[in-house]
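One-based numbering, in listed order, for ligands and for the atoms of each. What you see is a predicted model, and the numbers here were worked out from it, not measured in a lab. Counting from 1, the numbers follow the sequence of the chain as shown.
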Amino acid sequence: MTIMKSEETIRKITEHTYGTWKAQKGWKTPVYIKDAEGVYMYDTNDKRYLDFSSQLMCTNLGHKNKAIIEAIVKQAERLPYIAPIFAQEAMESATEALLSVVPASLSKFFFSTSGTEANEAAVMILRQYMAPKYKIISRYHSYHGATIAGLSLTGDPRRWFAERARFTMPGVCFAPDAYCYRCPFGLTYGNCSIQCAEYVDYMIKEEGNVAAVFVEPVVGTNGRIVPPPEYFPRLRQICDENDVLLVVDEVMSGWYRTGTVFAMENWNVTPDILATAKGCTNAYTPLGVTMTSKKIADYFEEEPLIQGHTYAFHPLVMSAVAPAIAEFKKLMATGHPQKVSPYLEKRLYELEDRHPCIGDARGIGHFWSLEIVKNRKTKERFNTKADKFLKPLMTDKIAAEAQKLGLYMQAWYDNLIIAPPLIITESQVDEGIEILDKALAVADQEVVHTDTPGSRSSAAFKK
Ligand SMILES: Cc1ncc(COP(=O)(O)O)c(C=O)c1O
């Protein structure tokens with residue numbers, strides 16, 4: 001049945017609700033979605049959109065996964081809520097399922113209801129455990145959540161607005177990114193001695209009172225920045241040598257997005273604390289999980305854990321975990337995502353060959369970035385960090401054009417987020433590439449042409 005939504009209906013919604021992360025005048029004409037299935041969603045005019053970003057990089061198994069939906073419905077009928085002080089079946093099944101996939105040393109979990117809260121709990125836990133050391137080293141290209149702790153750890157321009165509102169906490173410093181396309185040291189991979197990691201050692205020693213290094217293993221919104229293979233093994237060493245915790249935010253990079261359950265497995269490095277959310281329930285229910293090492297868990301045998309929520313261990317939320325993990329295992333066992341990710345990579349590189357506005361195509365697994373530039377030679381961007389929230393962005397223009405043509409894709413101030421559900425097929429990848437081919441023309445027209453080819457910064461790590 002077609003349900004047409006009038007401008008009046010949409011006006012009613014946008015007039016009385018705050019749109020997220022925007023000046024409200026930008027919240028006037030959202031697309032009204034009535035359904036979604038597999039890798040597609042449908043609006044009320046029956047227009048179909050291919051989901052090339054898994055919504056907010058969270059529906060890793062796609063839309064309307066039956067097994068997860070059935071488990072949630074059953075739980076709603078049986079026990080929709082019970083206080084976190086009681087044990088219950090969804091808590092049991094989720095814990096067991098998590099234990100079957102997480103690193104063996106991270107076997108104690110704190111449950112909340114968002115990625116932000118998972119990180120917030122990680123901050124409280126690490127600061128209690130490491131007291132009196134309290135400083136946290138984050139990185140400039142990062143996002144860690146929407147509350148005071150999350151925004152304080154965030155390197156992107158959302159923190160600038162939070163700072164102006166005095167909505168940040170002290171004790172956070174920012175390290176240079178492992179960003180080979182724009183190396184902060186002006187070096188080239190292969191001749192850099194992984195300065196981005198070495199500098200963290202310098203920071204720890206110079207700062208004093210550093211309790212933790214807090215990083216996204218593959219940077220999410222801020223660029224799908226894949227670090228060189230030597231980066232995390234060296235960072236782990238630096239943390240150990242300096243008695244500093246390594247905390248990783250796998251809210252977006254987790255749940256097979258990079259080919260492994262967690263991105264850190266790509267480098268065989270285990271953190272002391274891992275925070276995750278999003279794909280853990282395929283985003284059908286809002287879950288945050290903070291996992292800690294045994295040593296940290298032992299510390300809280302005597303020290304009170306100062307974290308808790310009415311919705312901690314929420315049965316409806318938890319009921320999605322076990323079926324989601326079972327579905328991930330089933331899908332990975334078919335070898336389908338492992339076969340499609342190199343195909344996606346190949347097609348994105350071809351796109352880069354055709355479009356001079358793509359400065360760098362980089363990524364891993366089903367987690368890719370097209371960094372959009374005006375000039376490949378100088379790497380000048382169309383828009384900088386300072387433009388975000390304040391100026392029209394070229395990346396938004398490209399995404400809007402793609403949306404017109406039936407492709408949904410998230411965009412940040414200088415990059416497009418290609419992160420489709422793991423169930424996407426090769427022909428659906430082709431469908432997305434075909435639309436991107438047309439949409440990227442919007443930026444190509446304004447490129448200052450050079451003969452410089454696009455970069456493939458993450459490809460260098462495979463050699
Ligand atoms: C790396 C990372 N950390 C934390 C968050 C915050 O998670 P949530 O939006 O569930 O609060 C996000 C959200 O996109 C994220 O990408």
Side-chain angles (χ1 to χ4, degrees), residues 18-22 53-60 110-124 126 136 138-159 162 167-168 172 174 177-179 212-227 246-258 261-264 271 273-291 307 309 311-312 314 317 320-321 324 363-369 388 409-413 415-419:
Y18 279 107
T20 57
W21 306 115
K22 53 168 69 72
S53 292
S54 306
Q55 299 303 295
L56 298 180
M57 293 63 82
C58 55
T59 50
N60 297 5
F110 174 77
F111 293 107
S112 54
T113 50
S114 69
T116 298
E117 286 174 327
N119 284 335
E120 193 94 5
V123 170
M124 186 64 186
L126 82 86
I136 304 174
S138 179
R139 293 181 304 188
Y140 287 109
H141 278 254
S142 67
Y143 175 64
H144 294 292
T147 51
I148 288 185
L151 284 166
S152 305
L153 292 168
T154 290
D156 79 29
R158 285 173 273 197
R159 175 172 47 81
F167 194 72
T168 49
V172 182
F174 290 88
D177 303 286
Y179 189 6
V213 172
F214 205 116
V215 286
E216 292 171 75
V218 175
V219 173
T221 305
N222 286 275
R224 270 73 64 233
I225 301 174
V226 185
L246 178 60
V247 183
V248 300
D249 174 348
E250 295 245 23
V251 168
M252 196 182 283
S253 60
W255 304 105
Y256 302 91
R257 178 61 48 209
T258 70
V261 185
F262 295 112
M264 288 300 276
I273 301 177
L274 185 153
T276 190
K278 293 192 189 263
C280 188
T281 58
N282 203 32
Y284 291 1
T285 61
L287 180 72
V289 192
T290 313
M291 309 175 189
Q307 280 291 300
H309 304 281
Y311 298 148
H314 194 292
V317 172
V321 177
I364 179 170
H366 282 61
F367 205 30
W368 285 80
S369 178
K388 180 67 189 166
M409 171 183 63
Q410 278 285 305
W412 197 231
Y413 62 89
N415 70 77
L416 305 173
I417 304 178
I418 313 295

Over 60° means perpendicular and under 30° means parallel, so tell me whether F214 and H144 are parallel, tilted or perpendicular. perpendicular

Interatomic spacing from CG in L274 to CG in L246 - rounded to 0.5 Å: 9.5 Å

What do you reckon, does K278 put a non-hydrogen atom under 4.0 Å from ligand 1? yes

contact_flag N119 ligand 1 heavy-atom lt 4.0 Å: yes

Which atoms of ligand 1 have any heavy atom of [X] under 4.0 Å away?
X    : answer
S114 : 10 (O), 11 (O)
D249 : 1 (C), 2 (C), 3 (N), 4 (C)
E216 : 1 (C)

Are the side chain of R224 and the backbone of V219 linked by a donor-acceptor contact shorter than 3.5 Å? no

Donor on one side chain, acceptor on other, E117 and T113, under 3.5 Å: yes

My understanding is that only residues two or more places apart in sequence, or in another chain, count here; which of them pass salt bridge (Lys or Arg N to Asp or Glu O under 4.0 Å) with D156? R158

With A162, which residues qualify under side chain to side chain contact (heavy atoms under 4.5 Å, CB included), at least two apart? L151, F167, T168

Just let me know how V251 lines up against ligand 1, side chain, backbone, both or neither, with a heavy-atom cut-off below 4.0 Å. side chain

Of Y413, Y143, W412, which is the lone residue that meets side chain to side chain donor-acceptor pair (under 3.5 Å) with N222? W412

Among all protein heavy atoms in this structure, tell me which lies nearest to [atom], with the distance rounded to 0.1 Å.
atom                    : answer
atom 8 (P) of ligand 1  : G115 N, 3.5 Å
atom 16 (O) of ligand 1 : M252 CE, 3.2 Å
atom 11 (O) of ligand 1 : T116 OG1, 2.5 Å

